[in-house]
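Reading through the structure tokens given below for one structure.
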Amino acid sequence: MSNDRPVRVRVAPSPTGDPHVGTAYIALFNYAFARHSGGRFLLRIEDTDRERSTKESERAIFEALRWVGLTWDEGPDVGGPFAPYRQSERGDIYRRHAADLVASGAAYPCFCTAERLAALREEQKAKKLNLGYDGACRLLSPEAVRAALDAGKPHVIRLAVPREGQTVVHDLVRGDVVIQNATVDDQVLLKSDGFPTYHLANVVDDHVMGITHVIRAEEWITSTPKHLLLYKAFGWAPPVFCHMPLLRNRDKSKISKRKNPTSLLWYREQGYLPEALLNFLALMGWSVAENREVFSLEDMIREFTLERVATSEPIFDFQKLDWLNGLYIRALPPAELARRLREFMPQGRACDEAFVLKTLPLLQERLKKLSDYATMAEFFYAEAVHPTVAELTPKKASPVQAADMLSAAREALSACEDWNAATMEARCRAAAASSGFKDRDLFMALRVAVTGAPVSPPLFESMALLGRDRCLARVAAAIERLRTG
RNA sequence: GGCCCCAUCGUCCAGCGGUUAGGACAUCAGAUUUUCGAUCUGAGAACAGGGGUUCGAUUCCCCUUGGGGUCACCA
């Protein structure tokens, strides 16, 4: 089973729809394994479904994987010794191999129509039989086959699965999985459009491309016997298999976009840091010896072993992702954070990095996601804020009292010779004391007046940054609003 | 339903025959505090059930239960 060839692994997404977190998840483990063992990591595009595959989706996969930082040594866009790496461009190879299989008797043409197959399925369902192809065309005489072929009848090529015996999948993390051949369907290998199915293309490519370890999701485990049977039919040594657990929704079902964000584009738009996302994904199914939770991709590469991948079913836990993301954001050098914030400015305005840098001491530790910046820093960028009377009025106080608090504050602030936080705070505390209000209440009224919300970064530091004119104007506007209702 | 996989706090992971069953997120309480956040302290919280094997099972085996995956000319 094991071999001493240099490690070659791959991730083989199919370009349908948005780039999926599951792809990044599987890519991560393949990548870490390859890098750890000094092997190669390849990207292969499995676009044999002509109905659903799109170029846009393929481009999005490239971009998304590059965004998270999982780069490939060989792939459709970077080339490599086994190009092409796009299955739609390898049709001849599959057809040739399918023909070999037919010639050796390991596969056979099947002329059954979609209608017959559907009817068959219905019948099996009604009789509560096991679902699957009944092998009708396997019984066809060579003459009948010849005739049908000569007549140009549409057909597929099916694998002639042995009716007896069993196939054992040696899974690196799960041990041996024994499956009776009788329960394996005569899988279609070549579709009537001449394109291969996943099963054929996958096996042929993995062999031809020298893949040593197939690290893929658990959902493939039941079709692995088909693949093993194919390797056997071709006379090839199979790679090592390792099935990763599936990422789950809250209800434990396989992660799906109906119940969870699954698009990597979404994670980027939300402002998750690639390094945080990768760290999180690594935690879902793998662990480091000393129980460490926070580690870089480099750390993971150094420590990675397949033996430590888990088999239990991880639920995608956003709370933990958010915590990790906040942690990584806090650890970023401010200049770097400012750079990454470019795409996350309030109201989509252009990013003034010098100013962003000034706001960061107030906001960096409060961000869980980069997108939080737009809302939390909004008041720094807005012309004015528009709190309501109710918002401006501290609990247990009246609007009139709120107006009085703000008047006292305005007076104190106007008298500030230096517009800095310490001076403002001292003056405001004194004003509160002399006018008989509690610091807390006056500060809250002022906070809402200036920032527009009862939750904000530290008040006086924010005001220092906002500048005298805008602050005083906002306080005046708030007093006005409170007085006029 | 057949086949297959999985099963430790609410969640993620550690444990690979003998532990007060550990860590993290989350939760709760306290400290700090101009709000929020961050930070620091502390607390509650788990071996699905039943049989074996063994001097001894969370750990090994079997059954049950529960959850999931898969049964396409999609991957």
Side-chain angles (χ1 to χ4, degrees), chain A residues 12-16 46-49 51-53 110 112-114 117-118 121 124-125 128-133 154-158 169 171 174 177-180 182-185 187-199 201-202 217-225 243 245-246 248 250-254 280 283-294 308 310-324 326-327 330 362-368 372 376 425 428-429 432 438-444 446-448 451 453-460:
Chain A
S14 104
T16 54
E46 309 227 331
D47 56 350
T48 53
D49 184 339
E51 304 278 283
R52 300 195 303 150
S53 300
C110 168
C112 292
T113 60
L117 262 19
R121 221 182 333 267
Q124 289 169 334
K125 246 183 238 174
K128 291 193 194 318
L129 259 35
N130 288 342
L131 272 34
Y133 183 58
H155 64 280
V156 301
I157 302 296
R158 283 181 187 274
V169 181
D171 188 286
R174 291 159 204 269
V177 178
V178 182
I179 291 174
Q180 300 304 316
T183 66
V184 180
D185 203 8
Q187 184 61 49
V188 170
L189 302 177
L190 209 60
K191 305 182 230 179
S192 55
D193 64 3
F195 272 64
T197 58
Y198 167 85
H199 306 281
N202 178 265
E218 183 187 353
E219 57 188 327
W220 293 110
I221 207 161
T222 41
S223 46
T224 307
H243 290 92
L246 243 25
R248 313 291 177 140
R250 278 224 81 78
D251 65 3
K252 288 197 169 248
S253 56
K254 172 164 89 168
F280 172 73
L283 254 21
M284 310 264 95
W286 184 74
S287 60
V288 203
E290 349 63 88
N291 252 334
R292 272 216 300 153
E293 309 263 339
V294 182
R308 286 193 74 87
T311 49
S312 51
E313 349 181 282
I315 291 170
F316 199 100
D317 179 5
F318 275 92
Q319 286 184 315
K320 193 152 187 171
L321 206 212
D322 284 350
W323 164 73
L324 259 180
L327 196 73
R330 272 172 261 138
L362 270 35
L363 288 167
Q364 183 160 10
E365 70 173 32
R366 293 175 166 76
L367 302 176
K368 278 205 171 1
D372 292 340
M376 293 177 83
E425 178 173 350
C428 285
R429 280 189 196 281
K438 283 198 205 137
D439 292 2
R440 283 187 106 77
D441 291 342
L442 187 142
F443 288 179
M444 186 49 79
L446 189 54
R447 179 189 310 283
V448 176
T451 71
V455 173
S456 80
L459 179 56
F460 298 105

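Computed over heavy atoms, backbone and side chain alike; hydrogens, waters and symmetry mates excluded. The chains referred to below are lettered A, B, ... by the order of the sequence lines, with proteins before strands, and numbering in each begins at 1.
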Quiz item: What integer number of Å spans the P atoms of U64(B) and C28(B)?
Solution: 42 Å

Self-check item: Whole-angstrom distance between A24(B) and U41(B), as gauged at atom P
Solution: 10 Å

Practice problem: Report the nucleotide, chosen from U34(B), C4(B), G23(B), that has the shortest atom-to-atom distance to any side-chain atom of Ile221(A). | Solution: C4(B)

Quiz item: Looking at Ser287(A), does any N or O in its side chain come under 4.0 Å of the phosphate oxygens OP1/OP2 on A14(B)?
Solution: yes

Exercise. Kindly point out which of U70(B), A72(B), C13(B) is positioned nearest to the side chain of Leu131(A)?
Key: A72(B)

Quiz item: Reckon Asp439(A) touches a base, only the sugar-phosphate, or nothing at all at heavy-atom distances under 4.0 Å?
Solution: nothing

Exercise. Return the nearest nucleotide to the side chain of Glu219(A); candidates are C4(B), U70(B), U35(B).
Key: U70(B)

Self-check item: Straight-line distance of Phe460(A) CZ to Leu446(A) CG, nearest 0.5 Å
Solution: 6.0 Å

Quiz item: Does Arg440(A) get its side chain close enough to the base of U34(B), under 3.5 Å, for a donor-acceptor pair?
Solution: no

Exercise. Would you mind checking if Asp322(A) and Lys368(A) are paired as a salt bridge, meaning a charged N to carboxylate O distance below 4.0 Å?
Key: no

Quiz item: Distance from His199(A) atom NE2 to Asp185(A) atom CG, nearest 0.5 Å?
Solution: 9.5 Å

Quiz item: What is the nucleic acid contact for Gly285(A), judged by heavy atoms within less than 4.0 Å: base, sugar-phosphate only, or nothing?
Solution: sugar-phosphate

Quiz item: Is a donor-acceptor contact shorter than 3.5 angstrom present between the side chain of Lys320(A) and the base of A24(B)?
Solution: yes

Quiz item: At under 4.0 Å between heavy atoms, what does Lys128(A) touch on the DNA or RNA strands: base, sugar-phosphate, or nothing?
Solution: nothing

Quiz item: Phosphate oxygens OP1/OP2 of C6(B): is one of them under 4.0 Å from a side-chain N or O of Lys252(A)?
Solution: no

Exercise. Name the nucleic acid region contacted by Thr222(A), choosing base, sugar-phosphate or nothing; use a 4.0 angstrom heavy-atom cut-off, strictly under.
Key: base

Self-check item: Value in whole Å for how far the C1' atom of G68(B) lies from CG of Asp251(A)
Solution: 10 Å

Quiz prompt | Pairing nucleotide - A57(B), Watson-Crick or G-U, each distance under 3.5 Å | solution = none

Quiz item: Can you find a pair of side-chain heavy atoms, one from Ser14(A) and one from Asp49(A), that are under 4.5 Å apart?
Solution: no

Practice problem: Consider the side chain of Arg366(A), meaning its heavy atoms from C-beta on, and name the nucleotide among C5(B), U35(B), U34(B) that approaches it most closely. | Solution: U35(B)

Quiz item: Contact class for Glu313(A) (heavy atom, under 4.0 Å): base, sugar-phosphate, or nothing?
Solution: base

Quiz item: Within the structure shown, what part of the strands sits under 4.0 Å from Lys125(A) by heavy-atom distance: base, sugar-phosphate, or nothing?
Solution: nothing

Quiz prompt | Sugar-phosphate, base or nothing in reach of Val188(A), heavy atoms under 4.0 Å | solution = sugar-phosphate

Quiz item: Hey, does Pro245(A) reach any base, or is it just sugar-phosphate, or nothing, if we go heavy atoms under 4.0 Å?
Solution: nothing

Quiz item: Ser223(A) near the nucleic acid: base, sugar-phosphate alone, or nothing, with a heavy-atom cut-off under 4.0 Å?
Solution: nothing

Self-check item: A72(B) phosphate, OP1 or OP2, under 4.0 Å from Arg121(A) side-chain N/O
Solution: yes

Practice problem: Check the distance between G23(B)'s C1' and Trp286(A)'s CH2 and give it to me in whole angstrom. | Solution: 15 Å

Exercise. Rounded to the nearest angstrom, tell me the gap between atom CD1 in Ile315(A) and atom C1' in G66(B).
Key: 13 Å

Quiz item: What integer distance in Å separates Trp323(A):CH2 from U11(B):P?
Solution: 18 Å

Quiz item: With a cut-off of 6.0 Å (strictly less than), are more than 12 heavy atoms of other residues, nucleotides or ligands near CZ of Arg250(A)?
Solution: no

Quiz prompt | Nearest to side-chain heavy atoms of Thr311(A), which nucleotide of C4(B), A7(B), A38(B) | solution = A7(B)

Exercise. Describe the nucleic acid contact of Pro458(A) in one word from base, sugar-phosphate, nothing, applying a heavy-atom distance below 4.0 Å.
Key: base

Practice problem: Please tell me which of the listed nucleotides, A14(B), A38(B), U34(B), lies nearest to the side chain of Arg308(A)? | Solution: A14(B)

Practice problem: Send over the distance from Ile179(A) CD1 to U70(B) P, rounded to a whole Å. | Solution: 14 Å

Practice problem: Pick the P atom in C25(B) and in A21(B), then give their distance to the nearest Å. | Solution: 22 Å

Quiz item: What does A31(B) pair with, Watson-Crick or G-U, if both distances are under 3.5 Å?
Solution: U39(B)

Quiz prompt | Pairwise P distance, A57(B) and G51(B) [rounded to whole Å] | solution = 12 Å

Quiz prompt | Atom pair CG (Leu324(A)) and CG (Leu283(A)), whose distance is rounded to the nearest 0.5 Å | solution = 6.5 Å

Quiz item: Expressed as a whole number of Å, how far does the C1' atom of A43(B) sit from that of G50(B)?
Solution: 34 Å

Practice problem: Decide, yes or no, whether a salt bridge links Lys191(A) with Glu51(A) under the criterion of side-chain N to carboxylate O below 4.0 Å. | Solution: no

Quiz item: Given A75(B), is OP1 or OP2 found less than 4.0 Å from the side-chain N or O atoms of Lys191(A)?
Solution: yes

Quiz item: Contact class for Pro196(A) (heavy atom, under 4.0 Å): base, sugar-phosphate, or nothing?
Solution: sugar-phosphate

Quiz item: How would you label the contact of Glu293(A) with the nucleic acid (heavy atoms, under 4.0 Å): base, sugar-phosphate, or nothing?
Solution: base

Quiz prompt | Spacing of the C1' atoms in U34(B) and U27(B) (rounded, Å) | solution = 27 Å

Self-check item: Interatomic distance, Glu293(A) atom CD to Trp323(A) atom CH2 [nearest 0.5 angstrom]
Solution: 6.0 Å

Quiz item: If the P atom of G30(B) is compared with that of U19(B), how far apart are they to the nearest Å?
Solution: 37 Å

Quiz item: G23(B) and U65(B): how far apart are their C1' atoms, nearest whole angstrom?
Solution: 30 Å

Self-check item: Between CG on residue Asp47(A) and CZ on residue Phe195(A), distance to nearest 0.5 Å
Solution: 7.5 Å

Quiz item: Do Ser456(A) and C36(B) share a donor-acceptor pair, side chain to base, under 3.5 Å?
Solution: no

Practice problem: Would you mind classifying the nucleic acid contact of Ser312(A) as base, sugar-phosphate or nothing, using non-hydrogen atoms under 4.0 angstrom? | Solution: sugar-phosphate

Quiz item: Asp317(A) CG to C12(B) C1': how many Å, rounded?
Solution: 7 Å

Quiz item: So, does the side chain of Arg174(A) form a donor-acceptor pair with the base of C5(B) at under 3.5 Å?
Solution: no

Quiz prompt | Sugar-phosphate only, base, or nothing, as touched by Arg52(A) at under 4.0 Å among non-hydrogen atoms | solution = base

Self-check item: Closest listed nucleotide, where the reference is the side chain of Phe460(A) and the choices are U11(B), U34(B), C3(B)
Solution: U34(B)

